[in-house]
**Student:** 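My questions all concern the structure below.
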Amino acid sequence: MAGSPAAKPLSVEAASAQLLAAARTIEGSEQWPTLDCLGRVLAEPVISGTDLPGWDNSAMDGYALRAADLQAGGGWLPVSQRIAAGQCGTPLAPGTAARIFTGAPLPEGADSVVVQEVCEPEGDGVRINAEVAPGANIRRRGEELRAGTEVLAAGTRLGPQHLGLAAGVGAAQLRVYRRLRVAVFASGDELAMPGEPLEPGQIYNSNRFLFRALLQGLGCEPIDLGIVKDDREATLAALGTAAEQADLVMASGGVSVGEEDHVRPAVEQLGHLDLWRVAMKPGKPFAFGHIGETPFIGSPGNPVSLFVTFCLFARPFIERMQGVSAAKLPTPLMLPSGFALTKPAKRRDYQRARLEFDGAGQASIQRFHSSSSAALSSLTWANGLVVIPPGETIAIGDPVAFLPFAGLVPGDRGL
Ligand code: AMP
Ligand code: MG
């Protein structure tokens with residue numbers, strides 16, 4: 001059975017697949033002004049109400065004309081009108097040019113735009129010092145997309161570019177999934193909050209901050225249950241409350257097999273454990289289960305273990321619950337190692353690493369000097385994780401699998 005200490009740890013892929021298969025997208029969506037939808041997940045596709053562009057228009061500041069009105073090498077044409085963006089001109093009289101600006105509708109009859117850089121005003125006309133190909137510098141009606149096209153699929157997480165496109169096709173409101181409510185607590189008698197005096201043996205509760213920020217980075221609504229003592233009754237009470245209030249319950253600490261580890265047995269008492277222990281480092285005693293219908297994810301207490309298991313397993317699970325269609329384990333980049341590894345790892349090891357570039361722009365992967373899963377400073381040093389397969393040595397220059405924090409860590413601002 002999943003919770004038994006004798007059960008063999010699952011591979012990362014098997015654990016991830018099991019979690020994703022169990023994730024159910026939440027019911028319930030709401031309509032919001034497009035302006036307020038950053039980070040939300042579309043519950044319905046966005047269909048364009050218009051051709052884009054809506055009409056033939058100029059791609060440059062210059063002159064609209066008929067290419068056949070010029071000779072080879074250019075010529076002179078009288079300027080018969082001026083059309084700025086937001087204005088509509090009149091049909092272009094044959095043998096004349098229209099002064100035109102980027103985004104302005106092309107006047108009827110014109111077939112090309114010549115850029116102003118090759119033109120000189122001369123008298124009441126313009127001298128054009130270049131050959132003009134018919135069709136030059138025109139953005140055609142519908143060349144990007146046609147009215148009725150699905151421009152954004154349901155299940156898209158809305159970034160700035162998606163909001164810009166939704167606005168560009170005229171969508172004032174969007175239907176998005178409601179926010180996922182995630183209840184979190186950190187278990188441990190040794191935990192104190194920053195601002196409180198540290199008693200002997202106490203440490204500060206980093207995980208509360210990690211949880212809150214990671215969940216906010218995913219657009220969830222955290223329900224913060226604070227610190228829960230290493231005590232069976234307190235743990236049962238916290239889990240029971242959490243499962244009633246939230247779509248998902250997450251906890252850190254207390255999922256190993258020690259006498260002070262109450263979270264795992266409490267989940268088994270209230271519900272059941274579906275998965276426990278993954279063949280990886282850090283993060284081996286990772287737990288997944290259900291309390292009634294509510295899923296539960298339990299991470300080891302060490303902050304780096306929490307961070308790594310959150311990003312690898314909890315993130316795609318949460319994304320799928322949020323309705324994101326592209327939720328999956330991240331795909332690593334293969335890059336040359338800047339370090340040597342002579343002592344092979346026993347389990348697949350996710351070490352803190354940094355993508356660096358030398359003066360010639362050549363990339364290499366460096367790793368943090370310690371692999372302690374308590375060392376949060378390794379995560380602020382790193383900009384990704386290097387995946388070390390078990391039983392292998394690595395020489396400098398060997399390709400290694402690198403997972404950049406961008407794309408792995410919710411809210412990360414890139415390399
Ligand atoms: P546990 O998984 O409960 O056995 O905890 C493993 C290690 O992580 C212990 O050294 C704990 O003191 C530490 N730890 C547990 N919870 C937290 C937390 N919320 N913040 C920082 N460290 C923690
Ligand atoms: Mg503990």
Side-chain angles (χ1 to χ4, degrees), residues 2-5 7 9-10 15 182-217 222-239 242 248-269 273 275-289 296-314 347 349-352 368 370-382 409:
S4 132
L10 278 181
V182 184
V184 283
F185 64 86
S187 78
D189 283 348
E190 72 278 37
L191 302 177
M193 284 297 288
E196 291 173 0
L198 273 189
E199 304 295 337
Q202 284 195 313
I203 57 166
Y204 289 124
N205 179 6
S206 293
N207 292 354
R208 185 176 190 182
F209 295 77
L210 285 173
F211 264 142
R212 169 92 66 114
L214 288 164
L215 290 169
Q216 285 174 341
I223 301 172
D224 190 343
L225 302 178
I227 296 167
V228 174
K229 290 282 177 199
D230 287 323
D231 165 274
R232 176 65 73 96
E233 290 312 313
T235 308
L236 287 169
L239 284 171
L248 167 67
V249 179
M250 299 189 77
S252 79
V255 288
S256 290
V257 281
E259 289 159 36
E260 298 294 343
D261 291 316
H262 297 285
V263 175
R264 193 178 48 84
V267 171
E268 290 191 296
Q269 186 174 329
L273 214 57
L275 180 164
W276 180 60
R277 298 204 304 179
V278 182
M280 64 185 284
K281 190 183 161 206
K284 186 176 165 198
F286 175 84
F288 171 65
F296 165 83
I297 291 178
S299 299
N302 269 315
V304 175
S305 312
L306 164 63
F307 186 86
V308 171
T309 53
F310 188 105
C311 294
L312 287 177
F313 300 124
R347 279 174 274 150
D349 196 351
Y350 291 83
Q351 294 195 9
R352 274 66 70 204
F368 193 64
S370 150
S371 63
S372 162
S373 50
L376 268 171
S377 51
S378 66
L379 288 174
T380 58
W381 174 89
V409 181

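All ligand and atom numbering here is 1-based and tracks the order in the structure. The structure presented is a predicted model; accordingly, all values stated were derived computationally and were not measured. Keep in mind that the numbers below use all heavy atoms, side chains included, and drop hydrogens, waters and symmetry copies.
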**Student:** If you have a sec, work out which protein heavy atom is nearest atom 20 (N) of ligand 1 and how many Å separate them, to one decimal?
**Tutor:** S206 N, 3.2 Å

**Student:** Run the numbers for me: atoms of ligand 1, each under 4.0 Å from some heavy atom of P303, listed by number.
**Tutor:** 21 (C), 22 (N)

**Student:** If you round to the nearest 0.5 Å, how far is CZ of F185 from CD1 of I223?
**Tutor:** 13.0 Å

**Student:** Would you give the length of the straight line joining atom CE of M250 to atom OG1 of T309, rounded to the nearest 0.5 angstrom?
**Tutor:**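 It is 7.0 Å, given to the nearest 0.5 Å.
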
**Student:** Could you give the distance from NZ (K229) to CD1 (I227), rounded to the nearest 0.5 Å?
**Tutor:** 7.5 Å

**Student:** So, do Y350 and L312 sit near enough that their side-chain heavy atoms are less than 4.5 Å apart?
**Tutor:** yes

**Student:** What atoms in ligand 1 come closer than 4.0 Å to a heavy atom of Y204?
**Tutor:** 20 (N), 21 (C)

**Student:** Return a yes/no value for S256: is any of its N or O atoms, backbone included, closer than 3.5 angstrom to an N or O of ligand 1?
**Tutor:** no

**Student:** Which residue supplies the protein heavy atom nearest to atom 4 (O) of ligand 1, what is that atom called, and how far is it?
**Tutor:** D261 OD1, 3.9 Å

**Student:** Using a strict cut-off of 4.0 Å, indicate which atoms of ligand 1 neighbour a heavy atom of E190.
**Tutor:**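 Every atom of ligand 1 under 4.0 Å from some heavy atom of E190: 11 (C), 12 (O), 15 (C).
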
**Student:** Of all the atoms in ligand 1, which lie at a distance below 4.0 Å from a heavy atom belonging to N302?
**Tutor:** 6 (C), 7 (C), 8 (O)

**Student:** I want to check something: taking the side chain as every heavy atom from C-beta on, are R264 and V257 in contact at a cut-off of under 4.5 Å?
**Tutor:** yes

**Student:** Under 4.5 Å between any side-chain heavy atoms of K284 and R277, yes or no?
**Tutor:**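 Of all side-chain heavy-atom pairs linking R277 with K284, at least one is under 4.5 Å.
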
**Student:** Tell me which protein heavy atom sits closest to atom 2 (O) of ligand 1, plus the residue, atom name and distance to 0.1 Å.
**Tutor:** G301 N, 2.8 Å

**Student:** Of V304, N207, L306, which has the heavy atom at the shortest distance from atom 18 (C) of ligand 1?
**Tutor:** N207

**Student:** Considering only protein heavy atoms, which is closest to atom 19 (N) of ligand 1, and at what distance to one decimal place?
**Tutor:** N205 OD1, 2.8 Å

**Student:** If I take atom CG from residue L191 and atom CG from residue D230, how far apart are they, to the nearest 0.5 angstrom?
**Tutor:**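 CG of D230 is found 8.0 Å from CG of L191.
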
**Student:** Which residue supplies the protein heavy atom nearest to atom 22 (N) of ligand 1, what is that atom called, and how far is it?
**Tutor:** I203 CD1, 3.3 Å

**Student:** What is the distance from atom CG of L225 to atom CZ of R208, rounded to the nearest 0.5 Å?
**Tutor:**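 It is 9.5 Å, given to the nearest 0.5 Å.
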
**Student:** Can a donor-acceptor pair be found, under 3.5 Å and without considering hydrogens, that links the side chain of S373 to the backbone of P303?
**Tutor:**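 A pair under 3.5 Å: no.
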
**Student:** Could you tell me, atom by atom, which parts of ligand 1 come under 4.0 Å of a heavy atom of G254?
**Tutor:** 1 (P), 2 (O), 3 (O)

**Student:** Enumerate the atoms of ligand 1 whose separation from the nearest heavy atom of L191 is less than 4.0 angstrom.
**Tutor:**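 Per the distance check, 16 (N), 17 (C), 18 (C), 19 (N), 20 (N).
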
**Student:** Between ligand 1 and R208, is the shortest N or O to N or O distance under 3.5 Å?
**Tutor:**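 There is no such contact.
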
**Student:** Distance from F211 atom CZ to D224 atom CG, nearest 0.5 Å?
**Tutor:** 10.0 Å

**Student:** Should you measure from each heavy atom of A186, which atoms of ligand 1 turn up under 4.0 Å away?
**Tutor:**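 Near A186, the atoms of ligand 1 are 19 (N).
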
